[in-house]
Amino acid sequence: MDSTLWIEYGWILLVLIGLEGLLAADNALVMALIVKHLPAEQQRKALLYGLGGAFIFRFASLFFVSFLVNIWQIQALGALYLLYICISNLIKLKKNGGEEEGESPFSKKNSGFWMTVLKVELADIAFAVDSILTAVALAASLSATPLPHIGGMDGGQFLVVLAGGMIGLILIRIAASYIVKILDKRPGLEAAAYLIIGWVAIKLAIHTLAHPALEIISEHFPESTGWNATFWIVMAVIAITGWFYKPKSERV
């Protein structure tokens, strides 16, 4: 790939890492609740075994996604699902008023070790849906690369989606405590993360409307300089606003 492609792909990967980092905080809290009742050594083992199973699931699911990513109905469903994630979580944030939610429904004190591992894997699968759809939406408008196609997806785009899924999983495990601390200091970032998901959903909807099978809007509009500049400017504004925003309860 030439230098321009490296910069384009590198930038998207950095954005994806930041987004996955923000979204990993809540996921990690759920994981902690799932294994909390186990002894410390078993907690680490449960998370490790769950991590291995989740890696296998995410890798396999990416091949499935790669075959379907160019079907406009799948893109439309993905956009609707991401919008649902955005709206439902913003509503939860508003209802909770910044208070912590109760214990995760995955966790029960009488669960044995292997049942806890199973719950960790099920939770990972649920989180993988959000992670992979977000990564696919971000990767969809990247320029084509000389790499061979994998299923229906450009090889370079597939690697970005794969990296996003794996990075999200790793961040849930090893970076959660730092992310939680940041969210404590910058509570507006959580709402910003969900708003970014909503904005990514709009981007995926634009690609759906421009699909050759529909052509409701121009097929070339999603790749236009004006649209891409608008997309990144709005995303930056959301992130910066989330960084500096403070809920009313914290204002002096």
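Just so we're clear, the structure is a prediction, and the values are computed from it rather than from any experiment.
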Legend entry - Joint hydrophobic cluster, Ile196 plus Phe231, side-chain heavy atoms closer than 4.5 Å: yes
Inset, instruction - Search all heavy atoms of Ala76 against all heavy atoms of Thr208 and return the closest pair with its distance. - result: N-OG1, 3.5 Å
Legend entry - Shortest non-hydrogen separation from Ala213 to Trp72 and the atoms involved: CB-CD1, 3.8 Å
Inset, instruction - Considering non-hydrogen atoms only, spot the tightest contact between Pro222 and Ile206 and give its length. - result: CG-CG2, 4.0 Å
Legend entry - Thr145 backbone acceptor or donor facing Asp154 side chain under 3.5 Å: yes
Legend entry - Nearest-0.5 Å distance that lies between atom NZ in Lys203 and atom CH2 in Trp227: 8.0 Å
Inset, instruction - Return yes when atom CH2 of Trp232 has more than 12 non-hydrogen atoms of other residues, nucleotides or ligands closer than 6.0 Å, and no otherwise. - result: yes
Inset, instruction - Enter the distance from Leu209:CG to Ile202:CD1 here, rounded to the nearest 0.5 Å. - result: 11.5 Å
Inset, instruction - State which residues pass side chain to side chain contact (heavy atoms under 4.5 Å, CB included) with Ser218; sequence neighbours excluded, sorted by chain then number. - result: His220, Phe221
Inset, instruction - Would you mind reporting whether Tyr9 and Gln157 have side-chain heavy atoms less than 4.5 Å apart? - result: yes
Inset, instruction - Applying side chain to side chain contact (heavy atoms under 4.5 Å, CB included), run through Trp11 and Trp6 and close with a yes or a no. - result: CA-CA 8 Å; Trp11 172 246; Trp6 278 112; over 6 Å; no
Legend entry - For Leu118, all residues meeting side chain to side chain contact (heavy atoms under 4.5 Å, CB included), sequence neighbours excluded: Met115, Leu122
Inset, instruction - Heavy atoms only: give me the nearest Val237-Thr241 pair and the separation to one decimal. - result: O-OG1, 2.7 Å
Inset, instruction - Could you walk me through whether Leu204 and Val200 pass side chain to side chain contact (heavy atoms under 4.5 Å, CB included), step by step? - result: CA-CA 6 Å; Leu204 189 55; Val200 168; 5.6 Å; no
Legend entry - Leu214 CG to Gln73 CD distance, which is reported to the nearest 0.5 Å: 7.5 Å
Legend entry - Sidechain-backbone polar pair: Trp199 side chain, Val234 backbone, donor-acceptor under 3.5 Å: no
Legend entry - Inter-residue atom distance Leu90.CG - Leu195.CG, 0.5 Å rounding: 5.0 Å
